[in-house]
Amino acid sequence: MLQETPSRPRRASSVRARRFTLTPTTTVYLALVALLIIGSVLVAIDGGVLLDQGGILNILTRSTVLGLVAIGQTMVIVTGSLDLSVAYLVGLCSLVAAETMAGSESMMVPGVLLALAVAAVVGLINGLVITVLKAHAFIATLGIALVIKGYLEHTYTGPAGSVPRTFQHLGYDRIGPVPIAALLMLLIGAGAWWYLRRTRPGYHMYAVGGDLEVARLSGVRTGRTIVMAHVLCAVAAGLAGVFLASRLGSGAPYVGTDAGYDLESIAAVVLGGTVLAGGRGGVVGTIGGVLILSTLDTIFDDLAVDPFFKDVVRGVVLIVAVALYARRQLAGQLSGRSA
C-alpha cells in the first residue's frame with residue numbers, strides 16, 4: 001500500500017500534462033494568428049492595411065483553389081500515398097469544363113460533370129497503377145502527370161473554350177469580403193473531415209497509412225482504400241479546375257502548373273501537421289496550412305517582395321514546421337517509453 005500511494009499524483013500530473021499539450025492543428029492556427037499580427041504590422045509600416053476588405057478577399061481567393069487541391073492531397077497522404085498529377089489535372093479539367101460549356105448556359109451542368117468524371121478517371125488510373133502494378137506513388141503519379149502534360153502540349157497552345165457569364169458568378173460573387181467559392185471550399189473541407197473521421201472508409205485510410213500490412217491482416221481492403229483516396233483527390237483537383245475556369249472565363253492548360261499546386265498542396269498538408277508517411281493528420285490542419293501560405297503570399301505582394309526571397313521564406317517556413325513536428329513526435333515517443 002505504501003508503494004502504490006505515491007504513483008497516483010504522478011499519474012494525475014502526467015494526464016494533466018498530456019491534456020495541455022499543443023497538437024499540430026492547434027499549433028498551425030496559433031502560427032496563423034501570429035503571422036496575421038506580424039504581417040499587419042509590417043504592411044502598416046509600409047503604409048498599407050493587410051486585413052481590410054481587399055486583403056481578406058485576396059487571402060480567401062488564393063485559399064480557394066489551393067484549399068481544394070490540398071483537401072484531396074490530405075486524403076492520399078493520410079493513406080501513405082502521394083499525388084503529383086494534380087497540377088496538370090487542374091489545367092485539364094478547366095479546359096474540359098470550358099470547352100464543354102462553350103459559352104452556353106444549358107451546358108454548365110454537363111461541363112462540370114464531365115470535368116469531374118475526367119478527374120475521377122485519372123484518379124482511378126493513379127490508384128490502379130499504384131495498387132495493381134505496385135508502382136511507388138511518387139513515380140506512378142509523376143508518370144500520369146507527364147502523360148497529361150504531353151497531351152496538353154500537343155493539343156493546346158493557349159486558353160480554349162469559354163464559360164457563360166452566369167457561371168462566372170461562382171468565381172467572383174461574394175458575401176461581404178468572403179467569396180462564395182471560399183465558403184464552398186470550406187463546406188467541401190467539412191465533408192472531407194466527416195468522411196475521414198466519422199466513416200468506416202475514412203478509418204480505413206488512417207489504418208492503411210499507419211501500417212499497410214497490419215491493416216490488410218485486420219481485414220481492410222487496402223487496394224480499394226488507396227484507389228478511393230486517389231479518386232477523391234483527383235475529383236478535388238477537378239473542382240479546382242472548374243473554379244479556375246469560372247474565374248478566367250475559359251480553360252487554361254497550364255493554370256495549375258504555373259501556380260505549382262502539386263508542391264504547394266503538399267506543403268499545405270505538411271504545414272497542417274499531416275505526416276507524409278501516413279496515418280496521422282487531417283483536413284482541419286490542412287486548411288490552416290493553406291491559410292498560412294495564402295497569407296504569406298498576400299503579405300509579400302503588399303510589400304512588393306522579390307519573388308526569389310518569397311520562395312526562400314516559404315521554404316524556410318516549411319522546413320521549420322516539419323522540424324518542429326518531428327521533434328515533438330520524437331519527444332512524445334521518448335516520454336512514452338520512459339513512462
Side-chain angles (χ1 to χ4, degrees), residues 22-44 48-75 77-78 86 90 171 174-193 196 233 236-237 239-240 243-244 247 256 259-274 281-303 305 310-311 313-322 324-325:
L22 287 176
T23 64
T25 301
T26 305
T27 303
V28 74
Y29 281 98
L30 289 176
L32 175 61
V33 172
L35 178 63
L36 289 171
I37 295 172
I38 296 172
S40 297
V41 172
L42 293 176
V43 173
V49 179
L50 175 63
L51 294 179
D52 58 358
Q53 182 167 332
I56 295 173
L57 178 63
N58 196 7
I59 292 172
L60 293 178
T61 301
R62 291 174 183 269
S63 300
T64 301
V65 180
L66 179 58
L68 288 170
V69 180
I71 288 168
Q73 194 77 257
T74 302
M75 292 190 169
I77 291 179
V78 160
V86 288
V90 167
R174 61 180 188 268
I175 302 173
V178 181
I180 291 177
L183 295 176
L184 293 176
M185 181 271 291
L186 293 175
L187 183 62
I188 292 170
W193 174 87
L196 284 172
C233 177
L239 287 171
F243 168 72
L244 285 173
R247 289 280 298 180
Y261 287 126
D262 44 4
L263 299 182
E264 287 276 307
S265 62
I266 295 172
V269 173
V270 173
L271 277 176
T274 299
V283 173
V284 177
T286 294
I287 293 177
V290 168
L291 290 172
I292 285 179
L293 293 177
S294 300
T295 303
L296 275 174
D297 282 343
T298 303
I299 294 171
F300 290 147
D301 287 347
D302 288 347
L303 298 177
V305 174
K310 182 190 302 186
D311 290 336
V313 172
R314 289 157 68 91
V316 170
V317 168
L318 181 60
I319 292 172
V320 170
V322 173
L324 289 175
Y325 292 149

* What are the two closest non-hydrogen atoms of L296 and V317, and how far apart are they? -> CD1-CG2, 4.3 Å
* Close side-chain approach of V69 and L239, heavy atoms under 4.5 Å -> no
* Flag side-chain contact, heavy atom, 4.5 Å: P177 against L60 -> no
* Can you name the nearest heavy-atom pair linking G289 to V28, along with the distance? -> N-CG2, 3.8 Å
* Taking atom types as modelled and ignoring hydrogens, do the side chains of T23 and T26 form a donor-acceptor contact shorter than 3.5 angstrom? -> yes
* Could you go through the side-chain contact (heavy atoms from CB on, under 4.5 Å) check for L42 and L50 one step at a time? => CA-CA 9 Å; L42 293 176; L50 175 63; over 6 Å; no
* Structure fact -> Which of D52, V49, T298, L303 passes side-chain contact (heavy atoms from CB on, under 4.5 Å) with V43? It is L303
* Asked: Any idea which heavy atoms bring V65 and A240 closest together, and the distance?
  -> CG1-CB, 3.8 Å
* Mind checking salt bridge (Lys or Arg N to Asp or Glu O under 4.0 Å) for D311 and listing every partner two or more places apart, or none if nothing turns up? => none
* Indicate yes or no for a side-chain donor-acceptor contact from T274 to the backbone of G282 under 3.5 Å, with no hydrogens or angles considered. => yes
* R174 and Q53, any side-chain heavy atoms less than 4.5 Å apart -> yes
* To do: Examine distances only and state if a side-chain atom of T61 and a backbone atom of N58 form a donor-acceptor pair shorter than 3.5 Å.
  => no
* Structure fact -> Rounded to the nearest 0.5 angstrom, the CG-SG distance for L68 and C233 is 11.5 Å
* To do: Give the C-alpha distance, both sets of side-chain angles, the deciding distance and a yes or no for side-chain contact (heavy atoms from CB on, under 4.5 Å) between L51 and I59.
  => CA-CA 9 Å; L51 294 179; I59 292 172; 4.3 Å; yes
* To do: Measure the spacing between OG of S265 and CD of Q73 and express it to the nearest 0.5 Å.
  => 4.0 Å
* Heavy atoms only: give me the nearest G273-P24 pair and the separation to one decimal. => CA-CB, 3.8 Å
* Please determine which of L32, I287, L36 meets the side-chain contact (heavy atoms from CB on, under 4.5 Å) test together with I292. => L32
* Please identify each residue that fulfils side-chain contact (heavy atoms from CB on, under 4.5 Å) with L183, with sequence neighbours left out. => I175, V178
* Qualifying residue for side-chain contact (heavy atoms from CB on, under 4.5 Å) with L66, from D297, V290, L291 -> V290
* At their closest point, which heavy atom of V283 faces which heavy atom of A192, and how far apart are they? -> CG2-CB, 3.9 Å
* Considering only heavy atoms from C-beta outward, does the side chain of F243 approach that of L184 to under 4.5 Å? -> no
* At their closest point, which heavy atom of L244 faces which heavy atom of Y261, and how far apart are they? -> CD1-CE1, 4.2 Å
* Are any side-chain N or O atoms of R247 and backbone N or O atoms of G171, one a donor and one an acceptor, separated by less than 3.5 Å? -> yes
* For residues T286 and T74, is any side-chain donor paired with an opposing acceptor at under 3.5 Å? -> yes
